[in-house]
Structure formats: structure tokens, C-alpha cells
Amino acid sequence: MKTIILASNNKNKLNEITEKVKGIDIKIISQSEAGYDIEVEETGKTFEENAILKAEAIYKISNMPVIAEDSGLEIDYLNGEPGVYTKRYAGENATSQDKIEKVLRLLENVEESKRTARFKCVICYIDKEGKKHIFEGSCEGKITYEPYGTTGFAYDPIFLYNTKTFAQMTSNEKNEISHRGKAVSKLVEYLQKFSMRNDIINYLKEEIKNRTESKNNKFGIGVLYHIEAVVKNAEILANKNKADKEVCIISAWLHDIASITDYKLYEEHHIHGAKIASEILNEFEYDKDKIELVKKCILNHRGSIDNRRLSKEEQIIADADSISHFDNIPSLLYLAYKQKNMNIEEGRTFVKSKLDRSFKKLSDESKIFYKEKFENAMKIL
């Protein structure tokens, strides 16, 4: 497991980032947990400069990957102030109330159209080789005429986003749209990409392709398109549901491996597939717990078998398998007209029935997510 130091001892920031990296083989620790009790002076003229200053300071003494961020409020009428001085805009020891009162005083009698503002966050991530990566997030809003709400801190009660101030939102609502939430999401997307076992994933891409091209595969090349669609939808659903994306992608590549290896295994391909997957992943010395989760995903992916799916990853593979038929309508039409020798109306009815059954197998959440895709496909047919 990779350990990354957060150049801060702020528990809220640590918890937010830790929550976002769930499902990735990464552990985030504060700088005090890493044993570094230093305070970096924020002398930069931009958020990016300050984030880099803090990240470099910890990296130089730890030689470990580091995350640092700087953020603040920019008000257009005040030419971008408070900006990098957001924390000390009303003085070094100013309270949140002091900061709010100063901003409202400076914007007194300023009309609503000129009270535009944004919260901005810049994250600097320094990897183990010392290379810097920058991620930004911003949230546009307006400054109210008086404070509203009781949650949050600093300027939250006077920053209006749509119909609520930040201080009127729950923490989950705020994290979904906040400047820091957006920047952290970009960081996490990057970490996911470069922390995944791409050696395994790249091997599986080639291995599945080879097996679908083998004479032992009785399903034709269409099954490769199906598997690729399952992989695509599994990744989409893993991101949406904050699941282990690596496990979902690996499971998606492997879920039909028994069927394409030997047609005799088709009727129980979920059982044989889990066994084959275990053998392959053990060869790569993959994490034992993750192997078990991949096996469960494969064992429980078939919508025709009523299995209790206990993890998000298991449900995602089942849903991705069902919805992938909507990405392969031409293959279904080929099956109906070419292999089953149906007439036009019979083929159309066959495909619609197949898609309808697939949609009904989805979880309630995925039915909502894919409703428009389902309705559009049925209209075309």
C-alpha cells in the first residue's frame, strides 16, 4: 500500500481526502503522523505557489509522496480579494465573524449583480520521483447581504451557491460541489489511474482478445465487444458509486472468461470463471482480499441467477453485464436475423424483449442512471 503525506494537520481535509481515496491501495497520513512538525510560511502570490511551497517543504525532508493544497475566496468587486490572504484578511487572529463582517462592510450597498465570487482550491501532488502535479477546482457563487446557515466555517455563511449558502448545506452536499471537492476528485482520478495494477489489466485485455479469436470460442467476435462494453460500464459505475475501480475493471474483463475458453463451461461459467480468475491473479501475486472480491463479482454477475450481492463491486459487475447489451444492439440484431433466421418483426421483438429483461435485472440505482439509454433504445426499435 502506497503512503502519501498530507502537508497539513487539518482533520477535515484529511478525512475528506481519505474518504475519496477509498477503494484505492493508498493510505493518506497527516504531516504530524509522519513525524514532521513544521509550519510553512505561505509567501506565494497565488494559490498554486503556496500549494507548491508546502508540498516541497515536506517532500524535501521526507522523500515521500506529498499532497498540499491552498484555497480561498475571490470576490470580483474587490479585484479578486481576499485571494491568498483569505485566512488572514481581517487580521492574523481574526474569527470567522470578523472575516464575514469585513467582507460585508466592503460590499455594503453593492448591487447583487456585482457580488459575484468564487471559492478556488489548488492541490499540488509530488510523486515519489519528485515530479509535481497540479489539480484545480472552483465553485462560482455570490456574496449575500447577511449570513445564513450554521454549518461550515469562515466565509461559508455568506457564500451563496444557487439557493443555499455553504453554511446551509450538509457536508455531503458541500463536498459534491465545493472547490476542494472538485480538486480532490481530479487528484483521486489521477491516483486511481497510476496506482492500479495496469500490468494485470493490460495482460487481461490481450488474453481475452486472444481467447475470443480462438476456435474454442463458439460465440464469435461479438462476445469481445460485449466484454469491452462491460468493462466500460463497470468503470463508469465504479466512479459513480465510489467502488474499487481496479477490482471492477479486472472482474469485468474476467466475468465471461470460462465461456470463451470452453463452451462446455458455459452453463456454469460463473463458477468456472471464478476459478480461472483466481489462478490468473495468483500468478500476478495480486492482493488476496481483492482476489476473493473478484471471485465474488464473477460468481454473482449473472442476472438469471438470484444471488445476494453483498458488495458494491458485485452489484456493479451484474449491472454492467446487463446494460452492456444496450451498447451492442447490432450484435443482437445479427443474432436474431443471421443466426436465428428470424423475420424483421420477429427479430425486432426478440431484441426488445432481450433489452427489457436486461433493464429489469438492474439495481434500482442503475435503472435511474440508465433510464434514458433504455428509453432511447426502445424508441429506435
Side-chain angles (χ1 to χ4, degrees), residues 23-24 185-186 188-213 217 219-260 269-270 273 277 280-281 290 293-294 296-298 300-303 309 311-335 351 354-355 357-363 365-378 380:
I24 310 177
S185 292
K186 292 177 182 178
V188 170
E189 185 178 345
Y190 175 85
L191 292 175
Q192 283 179 324
K193 181 178 179 181
F194 289 95
S195 67
M196 286 199 293
R197 288 293 302 271
N198 288 314
D199 57 333
I200 298 176
I201 293 170
N202 290 332
Y203 167 80
L204 292 176
K205 286 181 183 178
E206 191 63 29
E207 182 65 14
I208 295 301
K209 181 175 181 292
N210 290 338
R211 294 196 189 202
T212 55
E213 292 173 348
N217 171 33
F219 296 93
I221 195 64
V223 72
L224 176 60
Y225 304 145
H226 164 74
I227 293 170
E228 289 174 339
V230 175
V231 173
K232 181 191 74 173
N233 284 297
E235 185 169 357
I236 291 170
L237 291 172
N239 286 333
K240 178 179 179 294
N241 294 288
K242 297 178 182 177
D244 189 323
K245 186 160 72 171
E246 179 182 274
V247 164
C248 289
I249 291 173
I250 289 174
S251 300
W253 278 116
L254 288 166
H255 82 285
D256 272 347
I257 192 166
S259 297
I260 60 175
H269 72 275
H270 55 302
I280 292 173
L281 297 176
K290 291 195 174 190
L293 185 51
V294 169
K296 288 178 182 177
C297 288
I298 297 171
N300 297 323
H301 81 274
R302 297 180 70 180
R309 301 179 181 105
S311 68
K312 289 188 288 187
E313 291 77 15
E314 291 169 70
Q315 188 62 61
I316 283 168
I317 297 305
D319 285 353
D321 185 41
S322 292
I323 204 63
S324 68
H325 295 299
F326 290 80
D327 297 311
N328 288 284
I329 293 176
S331 294
L332 293 176
L333 292 170
Y334 178 84
L335 174 65
V351 174
K354 175 69 173 175
L355 295 180
R357 291 197 307 274
S358 295
F359 186 75
K360 287 177 179 177
K361 293 173 185 175
L362 295 175
S363 64
E365 293 81 2
S366 288
K367 281 177 183 174
I368 295 170
F369 186 65
Y370 286 112
K371 182 181 179 182
E372 184 177 356
K373 190 172 193 174
F374 168 70
E375 291 175 344
N376 288 338
M378 299 304 266
I380 292 171

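All heavy atoms count here, side chains included; hydrogens, waters and symmetry mates do not.
Within the 4.5 Å cutoff, the side chain of Phe374 has no heavy atoms near those of the Lys367 side chain. Residues Phe359 and Ser322 fail the side-chain proximity criterion, which asks for heavy atoms closer than 4.5 Å.
A salt bridge (charged side-chain N to carboxylate O under 4.0 Å, His left out) check over residues 325-335, counting only residues at least two apart or in different chains, returns the pairs Lys232-Asp327, Asp327-Lys373. Contacts classified as ring pair (Phe, Tyr, Trp, His ring centres under 6.0 Å) and involving residues 231-250 (residues at least two apart or in different chains) are not found.
The side chain to side chain contact (heavy atoms under 4.5 Å, CB included) search around Lys240 returns Phe369, not counting sequence neighbours. Take Tyr370 and apply the ring-ring contact (aromatic ring centres under 6.0 Å, His included) test, not counting sequence neighbours, and it matches no residue. Remark: Phe219 engages Tyr263, Tyr266 in a ring-ring contact (aromatic ring centres under 6.0 Å, His included) (not counting sequence neighbours). Scanning for side chain to side chain contact (heavy atoms under 4.5 Å, CB included) contacts around Lys186 gives Phe135, with sequence neighbours left out.
With respect to the salt-bridge test (charged N to carboxylate O, under 4.0 angstrom), the residues Glu246 and Arg197 do not qualify.
Counting heavy atoms of neighbouring residues, nucleotides and ligands inside a 6.0 Å radius, atom OH of Tyr225 does not exceed 12 of them. The number of heavy-atom neighbours closer than 6.0 Å to CD of Glu189, taken from other residues, nucleotides and ligands shown, is 12 or below.
No hydrogens or angles considered: nothing links the side chains of Asn233 and Ser324 as a donor-acceptor pair under 3.5 Å.
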Checking Asn217 against Val223 for the side-chain contact (heavy atoms from CB on, under 4.5 Å) test, could you report, in this order, the C-alpha distance in whole Å, the side-chain angles of both residues, the deciding distance, and whether it holds? CA-CA 9 Å; Asn217 171 33; Val223 72; 3.7 Å; yes

